[in-house]
Amino acid sequence: MAQKVSPGVEAAYAMSGSSISEAVMSIRTVRALGAEEHTLDIVSGLLQVMTDYHKGAACKKAFAFGFSSGLVQLVYLVGFWLSAIMISSGKFNAEQVLLTLFCVTFGLQSVSMIAMYLPDSASGAVAAAEVFRLVDLQSNIDAVEPEGRIKSLGDGTIRFEDVVFYYPHRSEVIVLNRLSLEIRQGQRVAVVGFSGSGKSTVIQLLLRFYDPQRGRVSIGGQNLIQLDVAWFRRQVALVGQEPILFNMSLEDNVKYGLPGASHEEVLSAARGANMDYALDGTKPWSHRVGLGGGKLSGGQKQRCAIARALLRQPKMLLLDEATSALDSKSEVLVQQSIQQIQATTITVAHRLSTIRDSDKIFVLAEGRLVEQGTYAQLMAMQGSFAQLAARSL
Ligand SMILES: Nc1ncnc2c1ncn2[C@@H]1O[C@H](COP(=O)(O)OP(=O)(O)OP(=O)(O)O)[C@@H](O)[C@H]1O
């Protein structure tokens, strides 16, 4: 059921820059943890810090406002007093005096308004400069003007060769440590391992969101760097654990993967992804899904994202916990349809039943490849994979 938020809370969140859906999520988290009192203490502390920080500036603003308002009243006072003298001395008539008086007071008011907003224009200029700095920021991997020119996947074999990788802003944590693996075209493989072992990072490197610091990632014998990155990404479809849907109709969200697709193609992809809630009309195709897909459940969002990926008929399908929010019946149906598509499929999953039929399973631990093989082979090894399987029971 939709959570009701009072207009006051809505205004407070609007002022603090959070969206209403973020606000609702935060409120739910606080309630679910029974942490109202604790949160009140934190918020009170934060408010005190904000109050202390802004007290000086607020006093200065209040003084400036009082001074400029007082100045206007003073000008009125002096103006009317002088006007009375001028009229009574007969040097000017009432019309001339009032005209002059109003020109002076309105002029002064306008100048004082400009003065009042001057500090804001300075902070506006700083904020605008920051926004434009971000807009102008050049990505090292530019999909708009790519360095690489090759538009071919060769024989489609993916290779990680001695890959060392850390996230650029966290160079102290080596995420992938001399990782080498090979995936042949059309294979259905899985990457498993304990949390933080680097599974999702493998996917990120494959999509060339980052380049490794050492070693290379290649496809068809060509370093990914040599490929036209925008073209390459169009050959790939990614479905993540928390798919991003846009506040458009359900149909447009599926078509986002292939804007020119017909309604029949959308329906076929929807059947593949078991989007029964759309196919049976519970949620009409024209239904707007809300910000970030907020009007859909986690499982409905995932199925929509899977349909989006299937519609593209990619050469490479990357599934990062893509079916984690589905019930087992839906998952089986979706898995069956994923099996139908002719693509190299790389699945990251914690639920081992999802990857039981994989051609090959790679087991990672702390960024290293520790085991590889089929489900049965790995279980027989009685090593890391068997431990994972035991824990996931
Ligand atoms: N964007 C990022 N910036 C910095 N560090 C990151 C980033 N993403 C992941 N990491 C770090 O990289 C390591 C590996 O993370 P990754 O998400 O690849 O692991 P994972 O095996 O997929 O984990 P999980 O199963 O929990 O999703 C972790 O130590 C994580 O904190």
Side-chain angles (χ1 to χ4, degrees), residues 29 134 137-143 158-183 188-217 224 229 233 236-244 292 298-299 301-302 305-306 309 316-326 331 335 338 344-356 358 360-373 375 378 383-393:
T29 308
L134 281 177
L137 214 61
Q138 282 278 321
S139 166
N140 289 339
I141 303 168
D142 193 348
I158 298 164
R159 281 196 192 90
F160 277 60
E161 294 165 62
D162 232 6
V163 167
V164 174
F165 176 75
Y166 52 82
Y167 285 92
H169 56 283
R170 260 183 98 197
S171 54
E172 70 282 7
V173 182
I174 303 290
V175 178
L176 299 181
N177 198 349
R178 308 197 64 181
L179 179 74
S180 297
L181 52 85
E182 184 180 296
I183 302 163
R188 287 164 212 290
V189 305
V191 183
V192 301
F194 290 113
S195 189
S197 54
K199 305 181 293 290
S200 301
T201 304
V202 168
I203 301 278
Q204 309 234 22
L205 291 191
L206 264 175
L207 273 166
R208 232 193 130 211
F209 288 158
Y210 300 93
D211 287 328
Q213 282 80 19
R214 263 182 44 199
R216 69 172 207 156
V217 182
L224 282 193
V229 64
R233 287 182 187 153
V236 184
L238 166 73
V239 187
Q241 183 168 14
E242 284 171 21
I244 305 293
K301 275 198 271 184
Q302 280 196 335
I306 291 168
M316 218 162 103
L317 182 59
L318 308 178
L319 303 165
D320 190 353
E321 292 289 352
T323 52
S324 58
L326 303 190
E331 190 184 19
Q335 287 294 343
I338 287 174
T344 308
T345 308
I346 302 171
T347 305
V348 169
H350 280 124
R351 215 192 274 165
L352 297 188
S353 57
T354 312
I355 49 123
R356 189 179 271 272
S358 304
K360 199 186 245 184
I361 299 169
F362 297 102
V363 186
L364 299 192
E366 297 175 356
R368 292 171 191 272
L369 180 66
V370 290
E371 286 171 11
Q372 58 180 309
Y375 190 94
L378 291 173
S384 302
F385 185 77
Q387 270 180 26
L388 265 176
R391 290 205 196 174
S392 72
L393 282 177

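What's counted below: heavy atoms across the whole structure, side chains too, no hydrogens, waters or symmetry copies. When a ligand or atom number is given, it counts from 1 through the structure's own listing order.
- You'll find the side chain of R368 stays beyond 4.5 Å of the side chain of L176, heavy atoms only.
- The closest donor-acceptor contact from the side chain of E321 to the backbone of H350 lies under 3.5 Å.
- Nearest heavy atom pair, residue I355 against residue A349, reads CG2-CB, 4.1 Å.
- With values rounded to the nearest 0.5 angstrom, I338 atom CD1 is found 7.5 Å from T345 atom OG1.
- Residue contacts with ligand 1 for V175 involve side-chain atoms from C-beta outward but no N, CA, C or O (heavy atoms, distance under 4.0 Å).
- Distances below 4.0 Å separate heavy atoms of H169 from the following atoms of ligand 1: 3 (N), 4 (C).
- Each of the atoms 19 (O), 21 (O) of ligand 1 lies under 4.0 Å from some heavy atom of S197.
- Relative to atom 1 (N) of ligand 1, the option among F194, F165, Y167 with the closest non-hydrogen atom is Y167.
- Contacts of H350 with ligand 1, taken as heavy-atom pairs under 4.0 Å, involve the side chain alone.
- Distances from atom 26 (O) of ligand 1 to the heavy atoms of G198, S200, S195, G367 put S195 nearest.
- Distances from ligand 1 to the non-hydrogen atoms of G196 include at least one value under 4.0 Å.
- Under a 4.0 Å heavy-atom criterion, Q204 is not in contact with ligand 1.
- The protein heavy atom nearest to atom 21 (O) of ligand 1 is K199 NZ, 2.8 Å.
- Under the 3.5 Å distance criterion, with hydrogens and angles disregarded, a donor-acceptor pair is assigned to the side chains of E331 and T323.
- Side-chain N/O atoms of Y167 and T201 include a donor and acceptor closer than 3.5 Å.
- Counting heavy atoms under 4.0 Å from ligand 1, residue R170 touches it through the side chain alone.
- Here the protein heavy atom with the shortest distance to atom 15 (O) of ligand 1 is T201 OG1, 3.9 Å.
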